[in-house]
Structures are given as C-alpha cells and as structure tokens.
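These notes are about the structure you will find just below.
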Amino acid sequence: MSRARQAVAAVVDPEIRVVTIDDLGILRSVQEDPATGRVVVTITPTYTGCPAMDVIRADIRRALAAVGHPDAEVRTVHSPAWSTDWISDAGRAKLAAAGIAPPVPVRRDGVVPLTLAVRCPRCGSPETEQLSRFGSTACKALWRCRSCAEPFDHVKAL
C-alpha cells in the first residue's frame, strides 16, 4: 500500500471519531500517477448533503500534504450510492466497541430489511427500543436497552 493510500485510509470520520473513512467505505480509491506523483482521491458520502464532507475533504488534503502530496485532488462521486454494506468488518467491530450498534447487512437483492430490534452493543441483549429515529447524527437512530437501561446509537442500514 502506498504512503498516500495509508495516509488517506487513516483519516478519521469527523462525526464518528472511532472509525476511519476507509472503515466506513467512504474512501473509494487513491490513485497516484507514477510519472508526476499527482494523487487523486475518490470518496462517496454516506448520503447526499452529508455535512461532514467538507471536513473529510480538508482532512484528506491535510493528510496527503503531510506525506508530500500538497496538490492532491479529492473527487466526490455519488454513483453508486454508498451503502452500509461498505462498512468493513473492522469498522463494524470498532462501532460496536464504542457502544454504537452497527447496521445489519443489506440483502443482495437491494431490499433493506426493516429494523425491529437492535442488539445492545454493551450487553448484547435484543431487548431494545427505538427512542428517536434520529441520533447524534442524521445517519444514526437513538435506541435504549431494556436490559441494561443504557442508551446507544444505531447506524441506520442503507
């Protein structure tokens, strides 16, 4: 893996600070022209209008400048649309370790299953309830565990 790719892959998501943009699947590609050293990074937002994208682009440029690529280009693409299926296994584990319930994978036919219950990321109980369709960010919902009484965020499946 190139230094440019490593630098970009390590950029932390500004809204969910326990995962990187690579963990979330926001990072699509890092291409480096061997002749010129020019770097082009392609990213996809978790949803159109995500307020974190300006910060993510700035953090990518800062990370690349630190490894010798001050003139990198960051491209944002919307197709194909980001899916929670793009969250890596490591990303799902980091979310759960931080008390954020990761989403269940979307079925291959594109149907998003209705979430009736979410396992508590703290105690593992399926006895949970949704408190609010919206959590600390628009891509998360607020839930509470009936067993341990702890509230937690759940990343919505897309």
Side-chain angles (χ1 to χ4, degrees), residues 1-115 118-119 121 130-143 151-158:
M1 183 183 311
S2 73
R3 286 184 62 206
R5 173 83 165 105
Q6 287 177 328
V8 175
V11 170
V12 175
D13 181 79
E15 292 182 324
I16 309 174
R17 306 282 310 161
V18 298
V19 290
T20 66
I21 62 171
D22 195 36
D23 292 330
L24 286 177
I26 293 169
L27 177 59
R28 300 287 298 280
S29 69
V30 178
Q31 298 172 329
E32 186 173 351
D33 183 329
T36 65
R38 180 166 165 68
V39 173
V40 177
V41 175
T42 303
I43 55 176
T44 296
T46 55
Y47 66 95
T48 303
C50 174
M53 293 309 293
D54 287 339
V55 174
I56 290 170
R57 283 188 284 272
D59 288 350
I60 289 170
R61 287 186 183 99
R62 193 171 11 265
L64 287 169
V67 295
H69 300 283
D71 298 322
E73 179 183 352
V74 180
R75 294 181 183 161
T76 303
V77 297
H78 295 96
S79 181
W82 179 85
S83 163
T84 49
D85 281 349
W86 294 2
I87 300 174
S88 69
D89 290 341
R92 289 174 194 280
K94 289 176 185 178
L95 289 170
I100 301 169
V104 296
V106 175
R107 293 187 349 214
R108 292 293 175 224
D109 60 7
V111 174
V112 177
L114 179 63
T115 301
V118 174
R119 286 200 174 271
Q130 186 179 63
L131 298 178
S132 174
R133 183 90 178 104
F134 300 97
S136 59
T137 63
C139 59
K140 294 184 284 189
L142 182 61
W143 287 67
F152 62 92
D153 279 334
H154 167 63
V155 177
K156 299 173 193 173
L158 292 175

Side chain to side chain contact (heavy atoms under 4.5 Å, CB included) involving T42 - partner list, sequence neighbours excluded: R28, S29, R75, V77
- prompt: Restricting to pairs with a member in residues 30-53, which pass salt bridge (Lys or Arg N to Asp or Glu O under 4.0 Å), not counting sequence neighbours?
  reply: R38-E73
query: Would you say the side-chain atoms of H154 pair up with the backbone N or O of A141, donor to acceptor, closer than 3.5 Å?
result: no
statement: Applying salt bridge (Lys or Arg N to Asp or Glu O under 4.0 Å) to D153 and not counting sequence neighbours gives K140
For R5, salt bridge (Lys or Arg N to Asp or Glu O under 4.0 Å) partners two or more places apart: D22
Please set out all donor-acceptor pairs under 3.5 angstrom arising from side-chain atoms of residues 46-56, sequence neighbours excluded.
unit_1 : atom_1 : unit_2 : atom_2 : d
D54    : OD1    : R57    : NH2    : 2.7

message: Quick one: does any side-chain atom of S132 pair with a main-chain N or O of G135 as donor and acceptor, under 3.5 Å?
response: no
task: Just grab all the salt bridge (Lys or Arg N to Asp or Glu O under 4.0 Å) pairs involving residues 11-20, residues at least two apart or on different chains.
output: none
message: If we check side chain to side chain contact (heavy atoms under 4.5 Å, CB included) with I43, which of these qualifies: V8, T76, V30, V11?
response: T76
message: Holding to side chain to side chain contact (heavy atoms under 4.5 Å, CB included), I want the full list of residues that pass it with A98, two or more places apart in sequence or in another chain.
response: V18
query: With K156, which residues qualify under salt bridge (Lys or Arg N to Asp or Glu O under 4.0 Å), at least two apart?
result: none
Residues that T137 engages under side chain to side chain donor-acceptor pair (under 3.5 Å), provided they are two or more places apart: none
